[in-house]
Number of protein chains: 2
Amino acid sequence: MTERTVEGTAGRRRGKRPTMLDVARTAGVALRTVSRVVNDDPTVGQDLVKRVRAAIVTLDYEPDERAQQLRRGVSGTIGAAVRNLADAHPVLSAIDQAARKAKLTVLAMSTEDEEQREREAVMSMCRKRVDGIIIEPISANHQYLAPEIEAGMPVVAFDRPTGGVPADAVLSDNAAGIGTAFRHLVQHGHNRIAYIGDHERIFTGRERAASFRACVTANGGPLEGMVHAGAVEPARIASALTTAFDGPTPATALITGNVATTVEVLRYLGADAGRIAIVAFDDFLLADLLRPALTVIAQNSATIGRTAIELLLARAADPTRPVQSVTVPVELIPRGSGELRP
Amino acid sequence: MTERTVEGTAGRRRGKRPTMLDVARTAGVALRTVSRVVNDDPTVGQDLVKRVRAAIVTLDYEPDERAQQLRRGVSGTIGAAVRNLADAHPVLSAIDQAARKAKLTVLAMSTEDEEQREREAVMSMCRKRVDGIIIEPISANHQYLAPEIEAGMPVVAFDRPTGGVPADAVLSDNAAGIGTAFRHLVQHGHNRIAYIGDHERIFTGRERAASFRACVTANGGPLEGMVHAGAVEPARIASALTTAFDGPTPATALITGNVATTVEVLRYLGADAGRIAIVAFDDFLLADLLRPALTVIAQNSATIGRTAIELLLARAADPTRPVQSVTVPVELIPRGSGELRP
DNA sequence: GCACCTTGCGATAACGTTATCCCGAGAATA
DNA sequence: TATTCTCGGGATAACGTTATCGCAAGGTGC
């Protein structure tokens, strides 16, 4: 099958890359010496270094990282299992940049919001012997990770914690975010505020809904018809909006619990969006171009990504350190929609 | 340095993963037999398969892909060097899905729109011996890839072609897109149409600006003050808009050449955006939520990604096939902004 | 009853690196 | 001059797989 090209000189063969041995032969030195030159070992004479370098250039030699990793025992790569690769993912970007600073490559895989895919992706990373895994969990149960963690694989979760397995985590301050949003709306004259967000079986949905309920209760307001947590689908959003804003004592303001919900709400409201005050959890590109521009609770993606890498490196350095959960502050960005009066 | 835990049984050691040899010893068979079981070789007796499987489970053995790759010669991974990992990237997502169907893992790296980073990322992929590289080029010159392509590395570019090196490419039909946008605006009563887009040293900027000029000329309209190609920065966008719309014979419609330009234009126009007709090249999330909703020329990201993988696989299968450039149709999606009358 | 295949499994050599030895040659010391 | 010490560099053994052999049993042909 493989076509074999006749080679006159010690030139390149199609489909077959030169190895250290080829370089060594071309330079007329031992294999080990080439390795030394490649790794900048100072115990090689200048003339030999030159010879080897020249051979490397003429052969276009590039070391095989797989072999290096196998031999060295570390891969210089960390895996990042994120929920979605298609949409904007500022945290992944921050992870990538922080990793690069630490001389690490990021292998990003999408879990497509499916538990099955998450597991496949993560186990695939383990088979690649990555030096650590950063995961934006979908599963509620990460038992399948137990042997890996046991074997010393550093695992850090972000946005949501892992379930059933001890792992570091970096989370946004959901409670503070909802609280800030609520108070902001109250300060602008609202006392009937509704919440629409994700399903409560999802960690963030649960935390945000719970915080919202606490805010309403603390504010002395009624809860009924004001809290709508569930799947993000147009029909549910529509009925939630109808319940909250078309009843006998309608809400005048709305807090949305995540980007997907926000988008669906805006789609449904259409031109009516300008008539109710909205604070949205999570910022997104172009939120400032909407009319009215969207007031948001922005998560600090850069800090989240950076912290995730820091936690990963810390655990890699000391596998026995206690499991840590870092909470990253959020920030309210007023743009107009949250400052509308009732 | 390495702490050595005393082991009584053949159990797990912290930080040291079990290998095939460990499995073999536990199962009481030869190393080679474990390999056979792992690879579903049918020439192993049922009882031995069971013994080995049991040992694999008790040890939590996971094969080391690096060693597999090294031995097999293929990595089962393709690299994708994209311009940006932070923003939405539907093509990357399509590549990921198509690759998964072909049992391939995607290693995505961001070039951050910098030539230097592109080169680093791509060379890093080569050192990892990926089975192919999909690249969204930043550089105009890809000479550095010549040795890799020579050595048989399949390379496919998308969005823009590679420079100075023969590689397959999948491109959007920029000319048709601009033509469609132009005719759409003409049909809605505009005959003074302006274009603001990317710098013409960038392939897509060049193609789109050229097509626009051709459209204007064919339509018998004047060109001066109507074509603005250059860096995407607020100041330039502002002056371009002023020139086009505040002159003695102002334009009544606008075609924007890429997402970044579109966003800057909308930011600058603010509430005035509703007063001029706009068709934007490239669709983006939430374009339908703007007021007026944005009429766009949408690229077919799914097809682009899928085609890129197809070209890659085809080249991997037959390295001698002629270099091919595929053009993917674009589609005008009317949403309101492009249907405004003068 | 012996040659001849299958079948089932084990020893061993790669894959392309790096790390551990080890040795020869010169410099420094007695 | 003989001896030790450094220093530069070469064999060679891993790393964890898979592929090529080869070798025993056991079944079938004459």
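Lettering of chains follows the sequences in order, A, B, ..., and the numbering in each one begins at 1.
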Exercise. With sugar-phosphate meaning primed atoms plus P, OP1 and OP2, does A/Val38 contact a base, only sugar-phosphate, or nothing at under 4.0 Å between heavy atoms?
Worked result: nothing
Exercise. Salt bridge check: are A/Asp64 and B/Arg127 linked by an N-O gap of less than 4.0 Å?
Worked result: no
Exercise. Quick one: is B/Gln68 getting a side-chain N or O under 4.0 Å of the D/dG16 phosphate, OP1 or OP2?
Worked result: no
Exercise. C/dG16 C1' sits how many Å from A/Leu59 CG, rounded?
Worked result: 15 Å
For this session: Give the rounded distance in Å between these two atoms: CD of A/Glu62 and P of C/dT17.
Result: 10 Å
Exercise. Hey, does A/Leu171 have a side-chain heavy atom less than 4.5 Å from the side chain of A/Ser325?
Worked result: yes
Exercise. Does OP1 or OP2 of C/dT17 have a side-chain N or O of A/Ser35 closer than 4.0 Å?
Worked result: no
Exercise. Between A/Arg53 and A/Asp40, does at least one N-O distance fall below 4.0 Å, as a salt bridge requires?
Worked result: yes
Seminar exercise, completed: Ranking C/dG16, D/dG9, C/dT17 by distance to the side chain of A/Arg36, first place goes to D/dG9
Exercise. When the distance from CZ of A/Arg51 to C1' of D/dG8 is rounded to whole Å, what number comes out?
Worked result: 13 Å
For this session: Would you mind classifying the nucleic acid contact of A/Leu48 as base, sugar-phosphate or nothing, using non-hydrogen atoms under 4.0 angstrom?
Result: sugar-phosphate
Exercise. Once you round it to whole Å, what is the distance between P of D/dT20 and CG of B/Asp41?
Worked result: 12 Å
Exercise. Is any N or O donor-acceptor pair between the side chain of A/Arg32 and the base of C/dT17 shorter than 3.5 Å?
Worked result: no
Exercise. Taking C-beta and beyond as the side chain, do A/Leu145 and A/Val122 meet within less than 4.5 Å on heavy atoms?
Worked result: yes
Problem set entry | Which residue lies more 5' along DNA chain C, comparing B/Pro42 with A/Ala67 via nearest heavy atoms | B/Pro42
Exercise. Where each residue is assigned the nucleotide of DNA chain D containing its nearest heavy atom, which of A/Arg72 and A/Gly45 is assigned the position nearer the 5′ end?
Worked result: A/Gly45
For this session: Name the closest nucleotide to the A/Thr19 side chain, picking from C/dT17, D/dT18, C/dC9.
Result: C/dT17
Exercise. With respect to the side chain of B/Asn39, which nucleotide from C/dT18, D/dT18, C/dT17 is positioned closest?
Worked result: D/dT18
For this session: Could you verify whether a donor N or O on one side chain and an acceptor N or O on the other, from A/Arg71 and A/Gln68, lie under 3.5 Å apart?
Result: no
Exercise. Rounded to whole angstrom units, what separation is found between the CD atom of B/Glu65 and the P atom of D/dT18?
Worked result: 11 Å
For this session: Using atom CG of B/Leu31 as one end and atom C1' of C/dT12 as the other, report the distance to the nearest whole Å.
Result: 10 Å
Problem set entry | Separation of atom CD in B/Gln69 from atom C1' in D/dC15, rounded to whole Å | 15 Å
Exercise. Taking the side chain of A/Leu70 as heavy atoms from C-beta outward, which of C/dT18, D/dG16, D/dT18 is closest to it?
Worked result: D/dG16
Problem set entry | Residue B/Thr43, side-chain heavy atoms: nucleotide from C/dA11, C/dT17, C/dG8 that is nearest | C/dG8
Problem set entry | Nearest-Å distance for atom pair CE/P, residues B/Met20 and D/dC15 | 15 Å
For this session: Report yes or no: is there a donor-acceptor pair, N or O only, under 3.5 Å between the side chain of B/Arg71 and the base of D/dT17?
Result: no
For this session: Verify the distance criterion only: is there a donor paired with an acceptor across the side chains of A/Gln69 and A/Ser75 at less than 3.5 Å?
Result: no
